[in-house]
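Quick notes on the structure that follows.
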Amino acid sequence: MSFPLLTATAALPAVGAIATAAVPAARRTAAKWLALLVSLATLALAVTVLVRFDPDGARYQLTESRSWIAEFGVRYELGVDGIGVALIALTALLMPFIILAGWHDADPLETRSSRWRPTQGFFALILAVEAMVIISFEATDVFLFYIFFEAMLIPMYFLIGGFGDRAHAGSDENASAQRSYAAVKFLLYNLVGGLIMLAAVIGLYVVAGNFSLQEIAEARANGTLDMATDTERWLFLGFFFAFAVKAPLWPLHTWLPNAMGESTAPVAVLITAVVDKVGTFAMLRFCLGLFPEASEWATPVILVLALISIIYGALLAVGQRDIKRLVAYASISHFGFIILGIFAMTSQGQSGATLYMVNHGISTAALMLVAGFLISRRGSRLIADYGGVQKVAPVLAGTFLIGGLATLSLPGLAPFVSEFLVLVGAFARYPVVGIIATVGIVLAALYTLVLYQRTMTGPVKPEVSAMPDLRVRELVVVAPLIALLIGLGVYPKPLTDLVNPAVKHTMSDVQKKDPKPEVEAAK
């Protein structure tokens with residue numbers, strides 16, 4: 001039997017989480033280093049998956065399949081396509097930076113008992129989320145996916161509610177109440193979506209007799225499984241609702257600004273750059289793969305919701321006074337672009353959406369982590385409390401600017417390629433939708449440049465006059481992310497070569513071909 005590489009990639013951070021949580025209370029630094037080493041080892045395994053994956057080979061590779069709950073047709077089935085490999089690599093790549101950025105975020109307060117181990121708990125929860133996200137990208141059994149899709153809510157709930165942002169205006173009691181509210185709202189929204197999905201998962205089993213994604217797809221292809229139209233549409237809605245909450249898509253988005261605003265910056269990155277990608281990934285793998293006809297039926301409404309997300313999220317970002325909530329609303333706008341690319345039903349759109357998932361993860365991590373370093377120095381999230389930072393901390397300001405320019409998809413930085421492909425793909429089939437979506441680009445430039453102008457330029461405010469520049473640990477976090485943004489912006493070919501074959505399979509699932517350009521015949 002070959003080495004179970006996919007299982008190992010997900011199991012290592014899970015074991016690391018248990019080991020980190022078990023570190024004695026007095027050994028906080030040891031717990032941090034253990035978590036960092038586990039995340040680096042997981043990254044090494046993810047790189048191995050990337051190297052061993054052949055984009056031109058079978059659709060699902062490195063597969064593992066074992067009987068689990070035989071009475072109900074549940075199997076432990078794993079496999080990755082190019083899209084899954086790209087997102088596993090993104091997850092494993094970001095985790096060491098998240099851990100380094102949050103190195104001191106969970107250090108215990110002096111008022112706490114020495115038996116309380118917040119540091120160990122913080123890093124153990126981060127590793128637990130990593131394990132659950134990775135196996136979600138690997139699962140090809142619907143029931144197995146559902147278990148970890150829901151289970152990741154538990155560690156995220158404690159990360160939001162138990163380790164909130166210490167740079168909070170108001171009393172400690174008020175801060176604690178707002179963190180609790182954000183954590184409960186996050187949990188309730190996603191639990192409701194998960195419960196609706198559970199009903200759809202059960203319905204799928206009644207119709208198909210098993211939970212295997214590959215077996216259901218083969219049965220549909222050879223005609224042995226023929227879902228009634230209404231049945232397929234109801235099942236699609238059950239799955240899509242849960243994924244739209246996780247994504248998040250307007251009007252199911254309202255938990256995200258609260259969750260990101262009340263979290264530490266590394267946890268905010270974990271939410272929007274890692275966990276939320278499970279929702280958009282699942283739309284490609286499960287909604288389009290299992291319910292192609294229903295996906296086409298729902299496309300007009302989903303495109304409208306995506307457009308609303310793009311413009312609504314950007315407009316609210318323009319009006320924000322809180323740095324972290326601005327990034328949260330900007331992310332809602334970006335997820336609108338991702339969902340637009342998925343349901344444009346073109347290869348350019350879906351390739352762009354997949355690249356957008358990866359590039360948005362990198363750009364949001366860069367911007368939010370630098371913002372977190374800024375906030376920790378000043379002790380405030382309010383934009384109005386800053387000014388003239390570039391004169392006292394030029395490296396911090398410069399990296400903040402690059403992260404912001406990536407957020408607005410400046411040509412030469414990685415997100416530009418993604419956004420361009422999404423718009424081209426949308427315009428090819430739905431020209432009006434593509435034109436309206438470009439409004440989001442203009443608004444992105446507005447909220448990004450205004451944020452930079454108000455925080456970094458102008459007279460130096462007395463409160464920031466002694467602000468230190470980025471330290472070595474912080475540079476180690478930011479520099480590789482900036483390098484990736486530039487590298488993938490200049491040369492995205494390795495990433496496109498990885499995901500394009502998987503996108504062709506998805507297009508085949510929905511039986512769609514790219515529309516031919518209408519070119520007037522030469523006279």
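A heavy-atom distance below 4.5 Å is not found between the side chains of V245 and H253. Between Y181 and I160, the closest side-chain pair of non-hydrogen atoms is not below 4.5 Å. Counting only heavy atoms from C-beta outward, the side chains of L235 and F291 approach each other to under 4.5 Å. Considering only heavy atoms from C-beta on, V476 stays 4.5 Å or farther from R473 through its side chain. Under the 4.5 Å side-chain criterion, counting only non-hydrogen atoms from C-beta, T364 is not in contact with T407. Within the 4.5 Å cutoff, the side chain of R378 has heavy atoms near those of the M467 side chain. A heavy-atom distance below 4.5 Å is not found between the side chains of L326 and R381. Contact annotation: the side chain of L485 approaches that of S363 to within less than 4.5 Å [non-hydrogen atoms, C-beta and beyond].
Here the side chain of R377 pairs a donor or acceptor atom with the backbone of F373 at under 3.5 angstrom. Between the side chain of R179 and the main chain of S263, no donor-acceptor pair closer than 3.5 Å is present. Looking at Q320, its side chain never comes within 3.5 Å of a backbone N or O of A317 through a donor-acceptor pair. For the pair Q214 (side chain) and T140 (backbone), a donor-acceptor distance under 3.5 Å is absent. A distance-only check finds no donor-acceptor pair linking the side chain of T20 to the backbone of A17 [under 3.5 Å]. A side-chain donor-acceptor contact under 3.5 Å links N359 to the backbone of A414.
Within the structure, salt bridge (charged side-chain N to carboxylate O under 4.0 Å, His left out) pairs that include any residue of residues 81-103 comprise D81-R285 (at least two apart or interchain).
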Which side-chain N or O atoms in residues 33-53 pair as donor and acceptor under 3.5 Å with protein atoms at least two apart or in another chain?
{"from": "S39", "atom 1": "OG", "to": "L36", "atom 2": "O", "distance (Å)": "2.6"}
{"from": "T42", "atom 1": "OG1", "to": "V38", "atom 2": "O", "distance (Å)": "2.8"}
{"from": "T48", "atom 1": "OG1", "to": "A44", "atom 2": "O", "distance (Å)": "2.9"}

List, one per line, each side-chain donor-acceptor pair under 3.5 Å for residues 266-282, sequence neighbours excluded.
{"from": "T272", "atom 1": "OG1", "to": "S331", "atom 2": "OG", "distance (Å)": "3.3"}
{"from": "K277", "atom 1": "NZ", "to": "T272", "atom 2": "O", "distance (Å)": "2.8"}
{"from": "K277", "atom 1": "NZ", "to": "H360", "atom 2": "ND1", "distance (Å)": "2.9"}
{"from": "T280", "atom 1": "OG1", "to": "K277", "atom 2": "O", "distance (Å)": "3.2"}

For residues 82-89, which side-chain N or O atoms pair as donor and acceptor with protein atoms under 3.5 Å away, sequence neighbours left out?
none

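Remark: F236 engages F240 in a ring-ring contact (aromatic ring centres under 6.0 Å, His included) (not counting sequence neighbours). In this structure V15 satisfies the side-chain contact (heavy atoms from CB on, under 4.5 Å) test with no other residue, sequence neighbours excluded. With sequence neighbours excluded, the residues that form a side-chain contact (heavy atoms from CB on, under 4.5 Å) with L188 are V184. By the ring-ring contact (aromatic ring centres under 6.0 Å, His included) test, Y76 pairs with no residue at all, sequence neighbours left out. I147 meets the side-chain contact (heavy atoms from CB on, under 4.5 Å) test with W68, F143; sequence neighbours excluded. Take F186 and apply the ring-ring contact (aromatic ring centres under 6.0 Å, His included) test, not counting sequence neighbours, and it matches W255. F286 is linked by a ring-ring contact (aromatic ring centres under 6.0 Å, His included) to F145, counting only residues two or more places apart in sequence or in another chain. With sequence neighbours excluded, the residues satisfying side-chain contact (heavy atoms from CB on, under 4.5 Å) with D469 are A393, P394, V395, L396.
Classification of the Y329-Y312 ring pair by plane angle, with boundaries at 30° and 60°, yields perpendicular.
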Could you go step by step and tell me if D141 and S212 meet the side chain to side chain donor-acceptor pair (under 3.5 Å) rule? CA-CA 5 Å; D141 182 278; S212 173; 5.9 Å; no

Walk me through it: do R66 and E77 pass the test side-chain contact (heavy atoms from CB on, under 4.5 Å)? CA-CA 7 Å; R66 296 175 181 82; E77 284 191 349; over 6 Å; no

Checking L204 against I216 for the side-chain contact (heavy atoms from CB on, under 4.5 Å) test, could you report, in this order, the C-alpha distance in whole Å, the side-chain angles of both residues, the deciding distance, and whether it holds? CA-CA 10 Å; L204 179 66; I216 294 172; 4.0 Å; yes

Show your working on ring pair (Phe, Tyr, Trp, His ring centres under 6.0 Å) between F149 and F243 and close with a plain yes or no. CA-CA 10 Å; F149 180 81; F243 303 152; 5.6 Å; yes

After noting the C-alpha distance and the side-chain angles of L191 and E150, does the key distance pass the side-chain contact (heavy atoms from CB on, under 4.5 Å) rule? CA-CA 7 Å; L191 276 179; E150 286 292 275; 3.7 Å; yes

Does E138 form a side-chain contact (heavy atoms from CB on, under 4.5 Å) with T9? I'd like the steps, not just the answer. CA-CA 10 Å; E138 297 173 346; T9 307; 3.9 Å; yes

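Taking each heavy atom of Y452 and A397 in turn, the nearest pair found is CE1-O, 3.5 Å. The minimum heavy-atom distance between S136 and M132, with the atom names listed, is OG-O, 2.8 Å. Nearest heavy-atom pair, A182 versus E262, reported as atom, atom and distance to 0.1 Å: CB-CG, 3.8 Å. The shortest non-hydrogen separation linking G121 to F163 is C-CZ, 4.2 Å. Between Q120 and A31 the shortest heavy-atom distance is CG-CB, 3.6 Å. Residues L382 and S380 share a closest heavy-atom pair of N-OG, 3.1 Å.
One distance of note links OG1 of T506 with CZ of R59; it measures 5.0 Å at 0.5 Å rounding. Expressed to the nearest 0.5 Å, how far CG of N190 lies from OH of Y157 amounts to 13.5 Å. Here CG of L495 is found 4.0 Å from CG of L355. Values are rounded to the nearest 0.5 Å. The structure places CD1 of I362 at 7.0 Å from CG of L94, a figure rounded to the nearest 0.5 Å. Atom CZ of F148 and atom CG of L153 lie 13.0 Å apart (nearest 0.5 Å).
Donor-acceptor pairing under 3.5 Å is recorded for the side chains of T7 and E64.
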